[in-house]
There are 2 protein chains.
Amino acid sequence: MTTKDAEETTGHALDSPSDLGREPQLPQERGGARQGLHARLLAQLGPAITAGEYPTGSVLRADELAERYEVSRTVVREAVRVLESMRLVESRRRVGATVRPIEEWNVYDPQVITWRLAGSDRARQLRSLTVLRSAVEPVAARLAAELATAEQCAELTEHALGMVATSRGQQLDAYLVHDVAFHRVILRASGNEMFAQLGDVVAAVLTGRTQHQVMFVDPDPAAVTLHVRVAEAVRARDAARAEELTREIAVGALAELDILTPEE
Amino acid sequence: MTTKDAEETTGHALDSPSDLGREPQLPQERGGARQGLHARLLAQLGPAITAGEYPTGSVLRADELAERYEVSRTVVREAVRVLESMRLVESRRRVGATVRPIEEWNVYDPQVITWRLAGSDRARQLRSLTVLRSAVEPVAARLAAELATAEQCAELTEHALGMVATSRGQQLDAYLVHDVAFHRVILRASGNEMFAQLGDVVAAVLTGRTQHQVMFVDPDPAAVTLHVRVAEAVRARDAARAEELTREIAVGALAELDILTPEE
DNA sequence: GACTCGAAATCGTCATACTTATTTTCCGCT
DNA sequence: AGCGGAAAATAAGTATGACGATTTCGAGTC
């Protein structure tokens, strides 16, 4: 059972509600009136495309979509415009919106990431994101060590200690909260806006990992210790050490991934 | 032959030259301006917002925009939808599209990056991107060393040698071509789709650097040598060395940046 | 003074007519 | 028969008006 929780924090993020696009048609959900019909249509088309339901090169015609989903062309066009801005499709006159190859997608778009994480592309997306993390977070930690405010240092140790406190006895949910918060602080403290924006991505990865991993296993004690030491290094303004320790965490995350998903 | 038909049926010609307009916001065709009125409107609004012309919290009303830019509300709405998907604005009923704080923008969106690079935010954007590069490229080089095909290795050495050949005598343009191509190959060869997509970003950074730097100076010979050695390391499947050498390149790029732009 | 209810403003959606660009068809020409 | 170009067909793009939904604001009442 997919117990959902741990969605929180400020801002909106990549959380996809329990909206599984199994139904091939009819966005008829009177349950939750999300904002706007076009958003609902998007929530149908986006996952469908990223899941490969519409393969590369296939064409979406406006009238067809309008009829299929029982909305006006206006709504369809707005949704298509958004898909186009995500580079999922390319709209051409007299042809329609053709699905672009995956290499051209805006794979950094939070919405695209969410859709892919929710769909059949999950494993691949998770791997890409983890590799990205392994590249970014060590450098972010280095910068954080140089730039973090006293308050951010305090948050860091607070969450590191929180991880220690919740690392045993099946408290994975509580552990996850601290873990996510910890990495968010690091990324934000780096002072780089592009790093900071990866906070949601990291949250998604960590959440996904927790949900999909064997839930009985407590977190790796070594990883917990590393987090504590990173917090110490940042507080001590030891950039090199913060970077190196975070790199060790990243190595652990990659190794974990190799266990979970079969190598290609 | 462009013959003007004096069509009075609609009486709405968007290119009527007599219309001078004291609110002259007539988006002319421009390089990069894709087909479609909405794209042209977007090309006006996007840069304006990212440049801070519309500060955070300011509101864009649909009718107002429609009148100001002399387009229909249909066009305005599509443009706003796209801005919304980029998280530049948030559209609410009865309020309009309010500009979000920069921390919430989709700073990885290629279009947003382009706009910011072209506007007043240029220096900051360049710095963010360079830091990102410094994090990603070393890891990408490591992966490339493990995964690159023979053909990619060949391309790599080819471009590295090309850099050597054009590194002296004011051939900066030719040098740039090889430089960009080199980094593109590395990113692509890493096998990570998210890294690969940063190729355009790196190209933008390198191009911007060349354009804004003193054009008389030939590239740093040390950097050129490093590229050659990276190519060698990748060919030799020496992942650790490829990573380390690329990290040295990144350090150089960061140092260069500190010279150009005053630190904050 | 606080509370409620109604009116105004503005976005969201729909329907429709028309425009424009591109593809396809097909006719006439070589 | 093959080829080239004009005409037709098609679907996206744009414009416009109408209506619905919702949020905000203000006026009137307790």
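Since we're looking at a predicted model, the values are computed, not measured. Proteins come first, then strands; the chains are lettered A, B, ... in the order of their sequence lines, and each starts at number 1.
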Whether B/N192 side chain and B/F195 backbone form a donor-acceptor pair below 3.5 Å: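 Judged by distance alone, yes, a pair lies under 3.5 Å.
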d([atom1], [X]; [atom2], [N]) in whole Å:
X: A/E67; N: C/dC14; atom1: CD; atom2: P; answer: 14 Å
X: A/Y69; N: C/dC14; atom1: OH; atom2: P; answer: 15 Å
X: B/E84; N: C/dG12; atom1: CD; atom2: C1'; answer: 12 Å
X: B/R40; N: D/dG13; atom1: CZ; atom2: C1'; answer: 12 Å
X: A/R93; N: D/dG13; atom1: CZ; atom2: C1'; answer: 5 Å
X: A/R61; N: D/dG13; atom1: CZ; atom2: P; answer: 14 Å
X: A/L60; N: D/dA12; atom1: CG; atom2: C1'; answer: 13 Å
X: B/E70; N: D/dT16; atom1: CD; atom2: C1'; answer: 16 Å

Salt-bridge criterion met for B/R133 and B/E137 (N-O under 4.0 Å):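 Salt bridge: yes.
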Do any side-chain nitrogens or oxygens of [X] fall under 4.0 Å of OP1 or OP2 in [N]?
X: B/R77; N: C/dG12; answer: yes
X: B/R92; N: D/dT24; answer: yes
X: A/S91; N: D/dG13; answer: yes
X: B/S72; N: D/dA15; answer: yes
X: A/R81; N: D/dG13; answer: yes

Nearest-nucleotide comparison on DNA chain C, the residue closer to the 5′ end among A/E78 and A/R94: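 Nearer the 5' end of the strand: A/E78.
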Quick one: which of [options] gets closest to the side chain of [X]?
X: B/V75; options: C/dC11, C/dT13, D/dA15; answer: D/dA15
X: B/H38; options: D/dT16, D/dT14, D/dA12; answer: D/dT14
X: A/R73; options: D/dA15, D/dG17, D/dA12; answer: D/dA12

Least distance between heavy atoms, A/S120 atom then A/A51 atom: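 Minimum heavy-atom separation between A/S120 and A/A51: OG-O, 3.3 Å.
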Over all atoms of both residues, closest heavy-atom pair of B/W105 and B/R100: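 Closest approach of B/W105 to B/R100: NE1-O, 3.0 Å.
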With B/V82, the side-chain contact (heavy atoms from CB on, under 4.5 Å) member among B/D109, B/L42, B/L88: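 For B/V82, the side-chain contact (heavy atoms from CB on, under 4.5 Å) test succeeds with only one of B/D109, B/L42, B/L88, which is B/L42.
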